[in-house]
Amino acid sequence: MNEKINVTDIFGADVFSDSVMRERLPKKVYAEVKRTVETGADMSLATADVVANAMKDWAVERGATHYTHWFQPLTGITAEKHDSFVTAPKNGKTILEFSGKELIKGEPDASSFPSGGLRATFEARGYTAWDCTSPAFLREDATGVILCIPTAFCSYTGEALDKKTPLLRSIEAVGSQALRILKLFGNTTSTRVTPSVGAEQEYFLIDRDKYLQRKDLIYAGRTLFGAAAPKGQELEDHYFGTIRERIGAYMKDLNIELWKLGIPAKTQHNEAAPAQHELAPIYEQANIAVDHNQLVMETMKKVAGRHNMTCLLHEKPFAGVNGSGKHNNWSLTSDDGINMLDPGKTPHENIQFLLVLACIMRGIDIHADLLRQSASNVGNDHRLGANEAPPAIISMFLGVQLEDVVKQLVETGEATSSIRGGKLDTGVHSLPVLAKDATDRNRTSPFAFTGNKFEFRMVGSADSIADPNTTLNAIVAEAFCQAADRLEQAPDFDTAVHDLIKEYMSEHQRIIFNGNGYSDEWVAEAARRGLPNIRSMVDATATLTTDKAVALFEKFGIFTRAELESREEVLYETYAKAINIEALTMIDIATKQIIPAVISYTTELATSMNAVTGACPEADISVQREILMEVSALLSDTKVALSSLKERQTEAASCPEAKTAAFYYKDEVVPAMTALRSPVDRLEMLVDKKYWPMPSYGDLIFEV
Ligand code: ADP
Ligand code: MG
């Protein structure tokens, strides 16, 4: 019944990959493309013409009718406008064409994308520029087959209007500074360093018919009302549990789609909350990983539709059970295969690694606020700091082995030993004796060292991973640059590097925390250490334009001050708009669905009470009366809370300034929403289910 899948045949079948180019392009052209991809050298228009033509032929053979410049505006999702390959007919016939010019540059009429004031609508030119470092691919859906060309998106004056442009700039910055570090240690073979990224993606799947009965899910992507089901995730029976048939069929289809796109989907499992799952691909070069994560999210949603399900990527679709995040695994790899974050077996002797570690400690400590900001979005405010995701405080987990090495260095200036992992003895003779890692895990740390990479665990599930990686690259680039500036001048390198590692580690050891990040004690301890605890997205936004942030980003040409200011503006606007939609959705549901349903129920109850006492005046109707009293009181509370939310929403919507509006939404509208939810959720537990106008939490997450 199960047709066989040949993964090696389908993998990358829809990608205009390096091997396709080698096969289809003249040798000289292929060499020029490779040079551009690897060194950023300019490509001639003649070469672009040849590539475009080969791309078109390849795509058309596979049924493509259109191409699109696929880009990532500040909405955080992707955008596209399709153009067919059709040219003006001659004698009633058309030929299909695609030129180098069309490949390299597009000009979408892009005036409606958020720009934070970088462009006035009357000067709305925006350009998309081919990013040849991320391969073009085919996407097949109801529209047909579309050739998608990854592009950067910028304004007439060259300012970045997207997430890819700064990411590419940051990749160059950290790469060139990392190379300086390698050279300090006598490396003559590496010519390029790039960040590697693997993003583990969490998601929920629910039944589509039920989804369509919930206006909150439709408009806001999360439930705004909903009493907890009798069972939550307390039995921990969903986490890594057997994958049910309906979900398994979905995962199988999803993998096939991803493999065709050249995305190395690797791991799949059920997550902690009922109806929650995870997919992780194998890590790739950062730019490609960011594009691929967008495709993972899009494909997850698309494939869900085929199975009559809906994929929810919101960070907190359901109260009371875990929300979804995205673990961003990050390391630095040279073109000849050196992972700069690999400590080896004896890290205390690995001076290059210790320098890299010291620099990362420094960068993360100095720019903890920016890193926290990079993982902020509207939905993530429900997770960070709650007991399921890392706290809103940035700290680093190093594990027993590295923490010990750092301690030796800080205390004595020398590190003379590394704690070994030893053997794992289960006490069962028939089981193999396993070599233990030198370090255990810490699931409560936002930034954890996991063997040969850092895992940034704060990122929200719906967010683009472009921002976190841009920030991470930037802050590490700065620390590398400062270290290299000093060490390149040092008369005695060995002494200088030793001193610098000790200095950086001593100065920034407060960022290390190996304990329980979910505990209240840590919040107090972090405050004592002076670590920032930025509680919300709105509070985090201003960190983008501090002098410290502007100096960092401008130094490496990643953002100009104007670009940062525009992003700050866009974030305030985004927050205000998202909460406004949530507030209006609550008002709509409460007014048009919940209050009428409760009135119908109380009316039926009252009518039936009259009928009962009419038929039997002595009958005890105290239960009905009690329910009627309780429900009516909550109905009245609902109405009061609804009126209050309406007032706050009206007030917020009239704020002229994005920043003031955002703070008003956070401080006034969000609490008013919580106040409305409370009586409604209690009503849901009292009102006859047949009157309740939408599926319950139990229906949504246990009956998929
Ligand atoms: P863990 O169990 O530590 O989470 P996994 O092997 O499950 O590790 O990997 C999680 C993610 O991290 C995957 O996407 C994986 O490809 C990625 N990853 C592994 N090694 C690296 C590395 N050196 N750099 C970046 N990402 C990596
Ligand atoms: Mg992991």
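Whatever order the structure lists them in is the order used to number ligands and atoms, beginning at 1. Owing to the predicted nature of the structure, the values given are computational and were not obtained by experimental measurement. Counting from 1, the numbers follow the sequence of the chain as shown.
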**OP:** Mark yes or no for whether Gln72, through its side chain, and Asp162, through its backbone, hold a donor-acceptor pair below 3.5 Å.
**Re:**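 Such a contact is absent between Gln72 side chain and Asp162 backbone.
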
By number and element, which atoms of ligand 1 are closer than 4.0 Å to a non-hydrogen atom of [X]?
X: Gly198; result: 14 (O), 26 (N)
X: Ile282; result: 16 (O)
X: Asn339; result: 23 (N)
X: Glu455; result: 4 (O)
X: Pro281; result: 13 (C), 14 (O), 16 (O)
X: Glu200; result: 4 (O), 10 (C), 11 (C)

**OP:** Only one of Asp291, Thr151, Thr78 passes side-chain hydrogen bond (donor to acceptor under 3.5 Å, both in side chains) with Lys164; say which it is.
**Re:**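 So, applying the side-chain hydrogen bond (donor to acceptor under 3.5 Å, both in side chains) to Lys164 and each of Asp291, Thr151, Thr78, only Asp291 qualifies.
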
Subject >> Chi angles and distances behind the side chain to side chain donor-acceptor pair (under 3.5 Å) call for Asn6, Thr8 >> reply: CA-CA 6 Å; Asn6 188 332; Thr8 43; 2.8 Å; yes

Original post:
Using the ring of each side chain (for Trp, its six-membered ring), is Phe449 parallel, tilted or perpendicular to Phe454, with breaks at 30° and 60°?
Top reply: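 Perpendicular: the ring planes of Phe449 and Phe454 meet at over 60°.
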
Subject >> Other residues, nucleotides, ligands: >12 heavy atoms within 6.0 Å of Lys252 NZ >> reply: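 Yes, NZ of Lys252 has more than 12 neighbouring heavy atoms, counting only those of other groups under 6.0 Å.
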
Subject >> Greater than 12 external heavy atoms within 6.0 Å of Glu298's CD >> reply: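 Yes.
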
Subject >> Proximity to ligand 1 by part of Lys266, non-hydrogen separation under 4.0 Å >> reply: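 The answer is neither.
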
**OP:** Record the part of His327 in heavy-atom contact with ligand 1 below 4.0 Å; permitted values are side chain, backbone, both and neither.
**Re:**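 It is neither part, as no heavy atom is under 4.0 Å.
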
Subject >> Any N or O of Asn329 closer than 3.5 Å to N or O of ligand 1 >> reply: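 In this structure, Asn329 places an N or O atom under 3.5 Å from an N or O of ligand 1.
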
Original post:
Within the structure, does Ser331 bring an N/O atom to less than 3.5 angstrom of an N/O atom in ligand 1?
Top reply: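 Among all N and O atoms of Ser331, at least one is under 3.5 Å from an N or O of ligand 1.
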
Original post:
Have Thr299 and Lys302 got a donor and an acceptor in their side chains that come within less than 3.5 Å?
Top reply: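 Thr299 vs Lys302: no donor-acceptor pair found between side chains.
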
